[in-house]
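Nothing fancy with the numbering, it's 1 onward along the sequence.
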Amino acid sequence: MTTPDKTINVTSLGNLAQILPYLLGHYPDDSICFHAPGTNFHDGPTMTYPLPENTTEWQTAAKTAARRFVAQTQAHDLDQGVIIYLCREPRPGQTPWDTAALLAPLGTWLTDELTDHRAHVLQTIGLVANRWWAYECNSDGCCEGEPLPSPDDPASVAAQMARLGRTPGPRTRDIIKQFQPATPDSDFLKHLQAASDRFNTQCATQAGRDATLMTTCDQIGAALSQFRGGATTLDRDLTTQLIVGLQDDGAVEAGMTHAEDDDLPHARHLWAYLARHCAEPFTHEAVPPLALFAFVAWRQGDLIGARLALRGAITTEPDYDPAIGIHLGIIDSEDPREFLASAREGHAQRMVELQHVSQVASEYRPTEANAARYREALKATAAQHLAQTRTEEGQLLTRHDTIDAIGEALTGLRNGQPQLTDQVAARIIVGLQDRQTRDAALSTGAENDLPYERQLWSYLAQQCVPPHTSKAPPLLTLLAWVLWRQGDAASATQALTDALDITPRYTLAGLLLHGIRTECDPAPILAMFRKESAQFAASRADRDTP
């Protein structure tokens, strides 16, 4: 093995065993490791694969590990030789020799699989409790359980490396302590469960999801600010809210944006801190902070830490896209700064969209202003409406009365008149709960009428205060149709999404939303609505007949 200006001599099997943590940059606890020596021994590819705790899974693990190594080293001629390392510490009640005997079949399975792929195994080395076994040696008692060479031996790899000022890489178990969950704190876990329940409730609607994401983005900044200021812990509320908030991929993207050089130590601290607080039964909640930890470690050039964090994330959630993307980026030797630039671009675009959503929604979402008045008017009108529509004739009369009231309201808006009285507004809102009335109210007029219709539907939707929220979908659907006709598909989508959040099976909202997302032309739909509007107008003759 050579360094840029020095040569490390690997002249014995003991040295071959001792060089592993220098070769990999860490000591891989409970792992299968491969190394295909290059011209200078260390130049060739390496790979580690976790060894399952359950020994009955080892044969499958061996085949999978060998195949992955072959797939990842297609540019290297494995026929020139592969060294296998099998690393495991004795479990309670086991001696090193017991553990080495357990590992022996792995060497056979790995050799068979690699041979099937035209790879030649040079040596299979077992590393257990600072001792080494060479499984290729067939002499009884030879190469079995020898201690690793002493650093006092000038020819040992450890001594040679020490002369160059190099130390062996840390053990896997010491690296993962940074982000591995600590002993569960039952009180903290109760608060985490409560935070998770609140998060799920808040995210039941698109508006709730958007608001929660904005809050999480602010909290990430606040937490990093505390760590920059020297803090080593966060308060319980902020910790639990961040853990659950990061379940939104938008929040993970926001987290990735905090990866400038000066911020890397603080970001690494934050993500490790959050992951450590995700003890059972919240191990799935650790996946996002583990992915973020991996990204920061990658930015720092710590590929070992990044890979170990990714192993934890992907083992827990194999289809987690952010972790998979980072994993593939590391494998392909991509520049993490490109990921950072992409995350910033995506986050900036998402923030623009959220600001647009907030602006659009402010037109029609209810507020506390005048809520008591609106509530009283809707309650009284709903009771009157129920009495008036008990008969078919009453239903017909109410439909036309509602359309007339809408016409009068639009005329008033065109003439610059003040808004409707609460009673008239409530009468229109309640009347539009009837499907035929709603369809008759769909905008079918000229383009210059659309601003007034938008104003009317937004104003009425604002009056659908709790417990009358369920009355908003017809108004939001009418508003969305106007917005779509105005060419503002993004705002129309938001209004329809809010309608479906309230009533998930609101058919017309679903159909219009599908039309927008598939980029349909609204003109044919307008023609159909105009035809139905004409038919409804013709039914007025039934009302006027003596």
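At most 12 non-hydrogen atoms from other residues, nucleotides or ligands lie less than 6.0 angstrom from CG of Asp262. The environment of Glu334 atom CD is dense: over 12 non-hydrogen atoms of other residues, nucleotides or ligands sit within 6.0 angstrom. Residue Arg68 places its CZ atom among 12 or fewer non-hydrogen atoms of other residues, nucleotides or ligands, all under 6.0 Å distant. Within a 6.0 Å sphere centred on CD of Gln359, heavy atoms belonging to other residues, nucleotides or ligands number 12 at most. When the shell of 6.0 Å around CD of Gln193 is examined, it contains more than 12 heavy atoms from other residues, nucleotides or ligands. Counting heavy atoms of neighbouring residues, nucleotides and ligands inside a 6.0 Å radius, atom CD of Gln395 exceeds 12 of them.
With sequence neighbours excluded, no residue satisfies side-chain hydrogen bond (donor to acceptor under 3.5 Å, both in side chains) with Glu532. For Asp187, the side-chain hydrogen bond (donor to acceptor under 3.5 Å, both in side chains) test picks out Arg236, with sequence neighbours left out. For Ser491, the side-chain hydrogen bond (donor to acceptor under 3.5 Å, both in side chains) partners two or more places apart in sequence, or in a different chain, are His356, Asp488. Partners of Arg454 by salt bridge (Lys or Arg N to Asp or Glu O under 4.0 Å), not counting sequence neighbours, listed by chain and number: Glu363. Remark: Arg276 engages no residue in a salt bridge (Lys or Arg N to Asp or Glu O under 4.0 Å) (not counting sequence neighbours). Partners of Arg299 by side-chain hydrogen bond (donor to acceptor under 3.5 Å, both in side chains), not counting sequence neighbours, listed by chain and number: Asp261.
Between Phe536 and His400, the ring centre distance stays below 6.0 Å.
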Name the atoms and distances for all side-chain donor-acceptor pairs under 3.5 Å in residues 500-508, with sequence neighbours left out.
{"residue": "Asp501", "atom": "OD2", "partner": "Gln206", "partner atom": "N", "Å": "2.4"}
{"residue": "Tyr506", "atom": "OH", "partner": "Arg438", "partner atom": "NH1", "Å": "3.0"}

Using atom types as modelled, flag every donor-acceptor pair under 3.5 Å from a side chain in residues 318-326 to any protein atom, sequence neighbours excluded.
none

Would you list the atom pairs, donor with acceptor, under 3.5 Å between side chains in residues 517-524 and any protein atom, with sequence neighbours excluded?
{"residue": "Thr518", "atom": "OG1", "partner": "His514", "partner atom": "O", "Å": "2.7"}
{"residue": "Thr518", "atom": "OG1", "partner": "Gly515", "partner atom": "O", "Å": "3.4"}
{"residue": "Asp521", "atom": "OD1", "partner": "Ala523", "partner atom": "N", "Å": "3.0"}

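At least one donor-acceptor pair under 3.5 Å links the side chain of Asn415 to the backbone N or O of Thr411. A donor-acceptor pair under 3.5 Å links the side-chain atoms of Tyr273 to the main chain of Leu234, judged by distance alone. Remark: side-chain polar atoms of Ser225 are not paired, donor with acceptor, to backbone N or O of Gly221 under 3.5 angstrom. Side-chain N or O atoms of Ser196 include none that pairs as donor or acceptor with a backbone N or O of Leu192 at under 3.5 Å. In this structure a side-chain-to-backbone donor-acceptor pair under 3.5 Å is present from Thr215 to Ala211. With Thr315 contributing its side chain and Gly312 its backbone, the two residues share no donor-acceptor pair below 3.5 Å. Counting only distance, with no hydrogens or angles, the side chain of Ser458 and the backbone of Gln455 share no donor-acceptor pair below 3.5 Å. Within the 3.5 Å criterion, the main-chain N or O of Asp197 finds a donor-acceptor partner in the side chain of Thr201. Of the possible polar contacts, one joining the Gln178 side chain to the Ile175 backbone as a donor-acceptor pair under 3.5 Å is found. No donor-acceptor distance shorter than 3.5 angstrom exists from the side chain of Arg399 to the backbone of Gln436, with no hydrogens or angles considered.
Screening residues 242-259 for side chain to side chain donor-acceptor pair (under 3.5 Å) gives Glu253-Arg350 as the qualifying pairs, with residues at least two apart or on separate chains. Applying the side chain to side chain donor-acceptor pair (under 3.5 Å) definition to pairs two or more places apart or across chains, those involving residues 439-449 are Arg414-Asp449, Arg435-Asp439, Ser443-Glu453, Ser443-Arg485, Glu447-Arg485. Residue pairs meeting the ring pair (Phe, Tyr, Trp, His ring centres under 6.0 Å) criterion with at least one member in residues 426-482, sequence neighbours excluded, are Trp481-Trp484, Trp481-Phe529.
Atom CG in Leu246 sits 5.0 Å away from atom CD1 in Ile220 (nearest 0.5 Å). Here the CG-NE2 distance, from Asp434 to His385, works out to 6.5 Å after rounding to the nearest 0.5 Å. One finds the CG atom of Leu213 at 12.5 Å from the CD atom of Gln202 (value rounded to the nearest 0.5 Å). Distance check, rounded to the nearest 0.5 Å: NE2 of His277 to OG1 of Thr240 gives 10.0 Å.
The two residues Val482 and Leu450 come nearest to each other via the heavy atoms CG1-O, 3.5 Å.
The shortest distance between side-chain heavy atoms of Leu442 and Ser533 does not fall below 4.5 Å.
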Check step by step if side-chain hydrogen bond (donor to acceptor under 3.5 Å, both in side chains) holds for Arg365 and Gln462.
CA-CA 5 Å; Arg365 283 183 183 158; Gln462 284 184 327; over 6 Å; no
